[in-house]
Amino acid sequence: MLGKYENFPLSIHFFEKFSSTVNIKQLQQKLVQTLRELNSKTCYFEEISIPTILNSEIIFEFGIAEEESFNFLDEQEISRVPSILGRSSLDFFCVIRYYKYHGEKKSALKFDYYIFRTNFAVRELEFQVFHKQGPRYITPEELVAMIIDKINKTTSKSKKILHETTDF
C-alpha cells in the first residue's frame, strides 16, 4: 500500500507536533510536493544547520513508502499520491548525501538515512523520526525544521500553515 511502511521502527529518535491552518489533504499535498522539490537539490550546509563540515554540500533524496520498501519521489510517484490523500499517516525515507570540497574536487562522505512517519489529525501534523544509520551531520530536529520551513515558504508570506505545538 502506497504511503505505508510495514516495518516502521518501534523506537523513535525524534517526535514533534505542529498545528496547521489547512485541511489534511491540502497539508499532505504540500508535504509531498515539498519533498519532491527537495529531491536531488544541492544545498550548502549553512542553509540547513551550523556546518559540522566546512566546504561541503548536501543533497537530499526522499522516497515514499510502499509496503516493505520505498519509491523515489519522482513525477511517476507524485501522480500516484492523490489516491492516498486523506489518510491518517504517510511514511517516508530520506537519504542525506554529504560531499566535501577539496579545491575543485569533491569527495563523498558517509550518508544519513532517516525513516519518518507523518501522522495527520484535524489541524495537526506529527513527525516521528527514526535515524537508521549515518553520522547525523543533520539531526532529526534540523531535518524536520527544514521541511516545515520549506512548506511554510510555499504559502503567502503573511500566513504560515504550520506552527510548533507543545501540548503533547
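These numbers come from the heavy atoms of this one structure, side chains and all, not from hydrogens, waters or symmetry mates. What you see is a predicted model, and the numbers here were worked out from it, not measured in a lab.
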Answer whether the closest heavy-atom distance between the side chains of Asn23 and Leu27 falls below 4.5 Å. no
Closest non-hydrogen atoms of Ser49 and Ile138, given as atom of the first, atom of the second and distance, are CB-CD1, 4.1 Å
Evaluate Asn55 against His102 for side chain to side chain contact (heavy atoms under 4.5 Å, CB included), listing each step before the verdict. CA-CA 8 Å; Asn55 301 319; His102 306 279; over 6 Å; no
Rounded to the nearest 0.5 angstrom, the CG-CZ distance for Leu125 and Arg123 is 14.0 Å
N/O donor-acceptor pair under 3.5 Å between Glu77 side chain and Asp74 backbone = no
Next on the checklist: When you compare the side chain of Phe45 with that of Ser56, does any pair of heavy atoms fall below 4.5 Å?
Outcome noted: yes
Exercise for the section: Find out whether Glu126 and Glu16 are in side-chain contact, i.e. whether some heavy atom of one side chain is under 4.5 Å from a heavy atom of the other. Expected result: no
CD (Glu67) and OG (Ser69) are apart, to the nearest 0.5 Å, by 7.5 Å
NZ of Lys4 to CG of Leu90, rounded to nearest 0.5 Å, is 10.0 Å
Scan side-chain atoms only and decide if Glu37 and Thr34 contain a donor-acceptor pair under the 3.5 Å cut-off. no
With a 4.5 Å cut-off on side-chain heavy atoms, are Ile84 and Ile64 touching? yes
Checklist entry - Between Ser88 (side chain) and Phe120 (backbone), is there a donor-acceptor pair under 3.5 Å? => result no
Review point. Under 4.5 Å between any side-chain heavy atoms of Glu57 and Tyr101, yes or no?
Key: yes
>> So that I can tick it off, tell me whether Glu61 and Arg97 are bridged by a salt bridge, with the cut-off set at under 4.0 angstrom between side-chain N and carboxylate O.
In response: yes
* Asked: How about Tyr98 and Tyr137: are their ring centres within less than 6.0 Å of each other?
  -> yes
d(Leu73 CG, Leu38 CG) to nearest 0.5 Å is 10.5 Å
* Worked check of salt bridge (charged side-chain N to carboxylate O under 4.0 Å, His left out) between Arg80 and Glu66 -> CA-CA 11 Å; Arg80 297 175 63 202; Glu66 186 163 21; 2.7 Å; yes
- Close side-chain approach of Arg136 to His131, heavy-atom, < 4.5 Å: yes
Members sharing Phe130's hydrophobic cluster, built from side-chain contacts under 4.5 Å between Ile, Leu, Val, Met, Phe, Trp and Tyr, are Tyr5, Phe8, Ile12, Ile59, Phe70, Phe93, Val95, Tyr99, Phe111, Tyr113, Ile115
Applying side-chain hydrogen bond (donor to acceptor under 3.5 Å, both in side chains) to Asn39 and not counting sequence neighbours gives none
Any donor-acceptor pair under 3.5 Å linking the side chain of Asn71 with the backbone of Gly63? no
Neighbour count >12 (heavy atoms, 6.0 Å) for atom NZ, Lys106
yes
For Cys94 and Leu143, the nearest pair of non-hydrogen atoms, with its separation, is SG-CD1, 4.1 Å
Phe60 and Cys43 have their tightest heavy-atom pair at CE1-SG, 4.0 Å
query = Do Asn119 and Phe127 have side chains that get closer than 4.5 Å, going by heavy atoms?
reply = no
To the nearest 0.5 Å, atom CG of Asp149 lies from atom CD of Glu47 at 11.0 Å
The complete set of salt bridge (Lys or Arg N to Asp or Glu O under 4.0 Å) pairs with one or both residues in residues 83-95, sequence neighbours excluded, reads Asp91-Arg117
Interatomic distance, CZ@Phe92 vs CZ@Phe62, rounded to 0.5 Å, equals 9.5 Å
Derivation of the side chain to side chain donor-acceptor pair (under 3.5 Å) call for Gln26 and Gln28: CA-CA 5 Å; Gln26 289 174 319; Gln28 289 173 336; over 6 Å; no
Would you say Pro135 and Asp112 make side-chain contact, with heavy atoms under 4.5 Å? yes
Practice item. Would you please test Gln128 and His13 for side chain to side chain contact (heavy atoms under 4.5 Å, CB included) and show each step? Key: CA-CA 8 Å; Gln128 296 177 4; His13 296 123; over 6 Å; no
